[in-house]
Each structure stands twice: as structure tokens, then as C-alpha cells.
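Working notes, beginning with the structure itself.
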Number of protein chains: 2
Amino acid sequence: MARPENGHQARLLGLLRDDGPRSRAELGDVVQLSRSKLAVELDRLIELGMVESAGLAASRGGRRSGIVRLSSRLRFAGIDIGATSIDVAVTNGEMEILGHLAEPCDVRRGPEAVLERALELLGKLREQGLYEEIHGAGVGVPGPVSFREGVPVAPPIMPGWDRYPVREVVSRELGCPVLVDNDVNIMALGELHAGLARSVEDFLLVKIGTGIGCGIVVNSAIYRGVSGCAGDIGHIRVDDDGPVCACGNIGCLEAYFGGAALARDALVAARSARSPFLAERLAEAGEVTAADVAAAAQAGDPVAVEMIREGGRRVGQVLASLVSFFNPGLVIIAGGVAGLGHTLLAEIRSVVYRRSAPLATGNLPIVLSELESTAGVIGAARMISDQVFSTA
Amino acid sequence: MARPENGHQARLLGLLRDDGPRSRAELGDVVQLSRSKLAVELDRLIELGMVESAGLAASRGGRRSGIVRLSSRLRFAGIDIGATSIDVAVTNGEMEILGHLAEPCDVRRGPEAVLERALELLGKLREQGLYEEIHGAGVGVPGPVSFREGVPVAPPIMPGWDRYPVREVVSRELGCPVLVDNDVNIMALGELHAGLARSVEDFLLVKIGTGIGCGIVVNSAIYRGVSGCAGDIGHIRVDDDGPVCACGNIGCLEAYFGGAALARDALVAARSARSPFLAERLAEAGEVTAADVAAAAQAGDPVAVEMIREGGRRVGQVLASLVSFFNPGLVIIAGGVAGLGHTLLAEIRSVVYRRSAPLATGNLPIVLSELESTAGVIGAARMISDQVFSTA
């Protein structure tokens, strides 16, 4: 796949990706290039196979302007590896999902097995005729990543993945550029591209899954911090006398809430028979999970409702500080545990609105993600498209 | 004063500001313009009066290259209004301080009186022959500011300043472009330009003065947040059962530490005679201040030392969360109370290094500012020079 040769071409590709097909006249209005200069750049992009003509626009009172769009052959792949799931999708140049497959998969099976399965799923989409060639792939993994090197770094819940060359392996298999980032950052990019954050430049995405993490978007781009670990809020200490966390420290947010903490607390509630609902689930299945807590809460089980409320209070406590500090335009709550829904959201909102600086919350929406499992794959595709559509 | 006409000219002005006089050959290497194109842009900047020739460089083995520099007539003003002080300075185009005057001044005297005094001080620098014309002025004030409008917004310790048109008034008096921001942001810009943060793109400056605030630098620019109140960390709640803060909430960081909290605690310690040192100061002066606590600690008074340590722990507790979240490359501690020095720094470091995510602190310096009172005025001058040297 060719790359744009200058900033104007890159800008045009980005516009056609985000806004879809446009007439040359409309593009000229946006990029403020002379008609002749614009024609030179667009014709070159057509020559490079990145853009194609698509008929004539309605007249604006003169010669009808030609419509252009991203090449209809363009395909990006998004691979979202979770702690217990794989999602793969193929998109066109405009990041529309053409096909999406998901299945349960334990990340602890290790990088060879998990990536092989992800590529097999992608192969199925190829068999369905969704693509001939992939022009770029984004990969998300549930742990810290060296973005520059494209490898996981000491990921706590991914045994065998430490420094495994994910980018290199996937790039070799697919024969295209690949970028790797953590799952929270790609979800944040998905929300930026296709979700509730479309028009927001600075926002936070809080993912509450097995663990808790935060994607930080500044100026419509992921902020990764100096070592690439910005947004690691799961290990912020909320109580000096709290429970021991899986990380070895005391009183971390994750030790109180998230899928793992909920499963632990649910087990205690089931065994002590404080929650008949959870006790029954335990007897039936031999274990209880965060999903059981959600079901119990939905059934009105007071112990489960209180567990969710208490978790929401802890998350709200941490978020209140971050909102005062960062003054975001939007906070999105996402992830498996966000399926706990409005009980959780109400509690988080109540704490943040009460405790953050009034100026920072005066006009701050705190919302549940509406993208569900597509946020990650769209964000992963968007991440690599940003690179493929840039000159650097 | 003229403005650059395109991005190349703006880039050249920024380079000459930050790196000082350069030969045309050296500039050509950095900006990657052809020799002829570079000559066109530089000659135009000379024509506009923003740049001047300054002799010939040593030979690099061919024709000797001409040295250029920012016009030696260029002057910027930095005005740093504190809760109890005014600092004004005049710089050249390279942000070198040519003259700096400071005096005590209570911001509660109101905007007319305080700004009049600041302009008088600037007038004195004019009488000293330091400038004929000011080409841009930056103003810092100790409270929240609408950066876009150039007015303070509901500043808690600045009675009479709410929405006072600071930018308009100063701009009219000096006949030049003016920008207004809060004191913490201009200090952070000062550290970025001339202090310990010169080579750091993402860092935090924590100012501990009468109150506590934080300047956030992302990608070498101030991050202000959606409502312009990012960095308002003084009102992060550190304890649900804490003292009532001046803002009306409970357990804010500022209610525990900062100049105002220290003065309050010092009075209690003096009256109860737990601290003989502070009791003596109270008897002598009729009041005790944060400066007395610093003096007491230096004299080895154990009550004062513990007050500073306890404050450092609280600041460290908040910073630990922010470091995990933001993953900065540097944390600078500044402000009057930073004069408490190494006792305070040691305590802050100990808490942050122990509690933040290991990846975020692996290579994180936490240091005291070395700029003292010049950070604000240099940062204010830098802020307006960014605008004067831009095309927008």
C-alpha cells in the first residue's frame, strides 16, 4: 500500500475516512487549497490507489463537482484480545465494520496459540470474501505495552506474553503495517471515532473489566505518558488499610472492584449464605462470577446491589480526583462490569459530582459506552489507519 | 509588531528564540528548507523587523554563512501577580531577563490598584532604558482564568477581580498583544523554557503557596482542560473526615497543607506552647506564618518539622495517584512553601515512590524548582511570545 507524500494528502485521507465520500468542491472548502492544487493532490492519491472517483455531485450552481472517496479496496483489521475473549473485525477505509467475529479465549494460553486463533478468525472473514489484502492491522492486548516496540511489557494477567513480538508476528503473517496498544487505549480510540466521544477533544474512558484501566485522550489523540503507562488507575491506592491486591500492594482500586474483586466477594457472599441468589449459583455452577453479581442485582438481591454500589463509590472516589486534575469534556464507563449498568453509573456520578471541583463538573457528562464490543476493534483499525494515512 | 506570514517563518522565530543566534547554514540543517527557500523566508523576517543579521559564522569549509538573530529591539513583558506580591520583568526576544522588579502587594487591593502598580513598575524599567516598546505581555494571576477571554473567573482569593478585563486593560495600556493565565500555568511554562523541564515534553509543576495548584504540560504545551481549570488539585479530597476548607468542602488537600493551613496550625502550636519557637514568634509579631514554620523547622523545632512532614505526606498521597494516571517525565515542586525545602521534598518523594505504579516511577525525578521567582515572569513572557511568533 502506498503512503501519502505530503501533509495535504494526509489531511485529505483523514477527511475522507472520518466524513465519508465528498465532492471536490466540499473538500476544497475544508482544506483551503486552490482548486488546481487540490486537483493535483487528489489525482495523485487516485494514482496511488488510495482514493477513487465516485460520480458527480449535485450542482452548486455551476459545473458539477466530482465526488471522491477512499479506495473501496482498502481494508483494515482490528484485533482486540481480552483477558477471556478475542474479537476480530475487518473494516473499509471509512472504518465501517464489514465483518466481526468474537469468541471466548483465555489469554493465558499464551501468545502463539492466541494470535494463531485471531489470525484464523481473520482468515474466516477472508473466506467470506470480505477482503483480499489487509492494508494495516491494529492489535489491542489486556496489559501494558511498549507502543514503540509493539510488545507487551510485564503484563500481570498475560503469562508468556512478556516482550513477545506481537507487532512483528502479526505484521509478517498479514504482510502489512501493524500497531499494538493496550485494550483500554484502543477502546478510547473507538469511542473517539464512532462512539459518544466523536466531538470531544479531551476525555477519559474508564474500562471496568477483570481489572480497571483508563484511556486518556488529549487533543483527539491517545496520551500514553512518558513510559507508556499513563491511565494505570487500577493500582491507585484508595485505602491504606485495604485488602492486598494481586500486584502485591495494599488497598489498590482493583483490589476493591472489577471483575476479579467482584468474583471474590461474590464467593464470600455465596458461602456465607448472605445472598441466597449467589449461593444457588455457586451450588449450580461450582463458581460465581461478576456476571452472577450482575444477574443477582438485576433480580433485586440486596447484597449484590450493595456490592455494585460500594464498587461505584470507590471508582467515583478515584475519578473525582482525576476529574479535578484533568478537567475532561466527557467520561465514558465501559467494559464487562459496565454491564452492571445504571446502578453503577448512578453511584459513580453521585460521588464525582459531589466531590470534584465545581468548574470541572459544571458541564461534564458521565455516560456508559454505547459501542459494547465494537469499540476495541474499531479503535484498533483507527489506530493503524492513522499511521497508514500519515506521511511519517 | 508584524507577525510571521507562514509556518516556516513561525518555526524559524521559535528556533531563534529557544536556541539563540544561528548561522543560516545551521538553520537550514534544522528546518530542512532548500537554501533558496530559507533565504526568502529569513529575508522577509528581516524586512518585517523581527530578525536581523549579526555578522558571519566561522567557515564550514566553503563560503561563510551569515548569522541571524531575533531583532535586538524585541521586548516582552512578564507580569506575575501573586497573592501577596508583584513581579514584573522585561525580556528580549530570547526570553533573557533584562530587568526584574518585585515588591509585596496584596492582591485583595483589587484589579485597578494592583495592575496600576504593575504598570508603574514596568514604567521604571522603561526609565532605566530597558525598552522603548513592548511587543507582547503575559500576565499571571493567583486564581482561575478564562484563557480565551483573558479574565479571572470567580477567583476565591481575589475579591473584586471576577471577570475584570485584565487582558483588555493591560493591552490598552501597553499597546501590544496580551495573554492572561493562572500563576501555576505560567510557572510551568517558565520551567519548560528556562528551568529543569527544558528537555521534558510531559511534566507536572506543583505549586505550594498560599494554596496548592498544578500546571500540566503535555507535548511541551500547557494542558488547560475543557473549562480551563485542569490542575486544580488543591481541592482534591484526601480525607472524608477532614477539616473544612475555605471552599466550603471537607477534607480538601489545601485544608491540610499550603501557606494558609500552615499558618493556622502554627497558631495552634504557638498558643498551646507545644512549640516554644512558634510561641516566641507569636509573642514578638502578634502572628505566625508559614515562613515562621520554615524557620522553626530549620532551627530543629520538632513540632514544625512534623507539620511539614505531615503536609508532605498529604501532597505525596495526591501526587501518587496523579503520577500513576499521568505518567509524567518530571515533577517539579515550587512556590513559597517549597522554601520548606528538602524535608518536604523527601516526604513527597517517599510517598510517591512507594505508592505509584512502578512503571510510572521507574525513572521519575521529583525535584525542587531552581528558578525561584523568575519562573513566573519568564513563563508569562514565553506565553505571549508563542502567540506573537505564530501565524494564527
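Chain letters run A, B, ... following the sequence lines, proteins first, then strands; residues in each count from 1. Just so we're clear, the structure is a prediction, and the values are computed from it rather than from any experiment.
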Below 3.5 Å only, please: all the donor-acceptor pairs between chain A and chain B, one per line.
| residue | atom | partner | partner atom | Å |
| --- | --- | --- | --- | --- |
| A:Tyr223 | OH | B:Phe326 | O | 2.9 |
| A:Val226 | N | B:Asn327 | O | 2.9 |
| A:Val226 | N | B:Asn327 | OD1 | 3.3 |
| A:Ser227 | N | B:Asn327 | OD1 | 2.8 |
| A:Ser227 | OG | B:Asn327 | ND2 | 3.2 |
| A:Ser227 | OG | B:Leu359 | O | 3.3 |
| A:Gly228 | N | B:Asn327 | OD1 | 3.1 |
| A:Cys229 | N | B:Asn327 | OD1 | 3.0 |
| A:Gly231 | N | B:Phe325 | O | 2.7 |
| A:Asp240 | OD1 | B:Arg355 | NH1 | 3.0 |
| A:Phe325 | O | B:Gly231 | N | 2.7 |
| A:Phe326 | O | B:Tyr223 | OH | 2.9 |
| A:Asn327 | O | B:Val226 | N | 2.9 |
| A:Asn327 | OD1 | B:Val226 | N | 3.2 |
| A:Asn327 | OD1 | B:Ser227 | N | 2.7 |
| A:Asn327 | OD1 | B:Gly228 | N | 3.1 |
| A:Asn327 | OD1 | B:Cys229 | N | 3.0 |
| A:Asn327 | ND2 | B:Ser227 | OG | 3.2 |
| A:Arg355 | NH1 | B:Asp240 | OD1 | 3.0 |
| A:Leu359 | O | B:Ser227 | OG | 3.3 |

Inter- and intrachain pairs under ring pair (Phe, Tyr, Trp, His ring centres under 6.0 Å), touching residues 141-160 of chain B, at least two apart: none
Heavy-atom neighbours of B:Ile250 CD1 exceed 12 at 6.0 Å: no
Side-chain touch A:Phe325/B:Ile216, heavy atoms, less than 4.5 angstrom: yes
Segment of A:Ala360 engaging chain B (4.5 angstrom heavy-atom cut-off): both
Shortest non-hydrogen separation from A:Val226 to B:Gly329 and the atoms involved: CG2-N, 3.1 Å
Contact leader toward chain A among B:Val323, B:Val218, B:Ile233, B:Leu322, where contacts are heavy-atom pairs under 4.5 Å: B:Leu322
Interchain contact, A:Cys229 with chain B, by part (heavy-atom threshold 4.5 Å): both
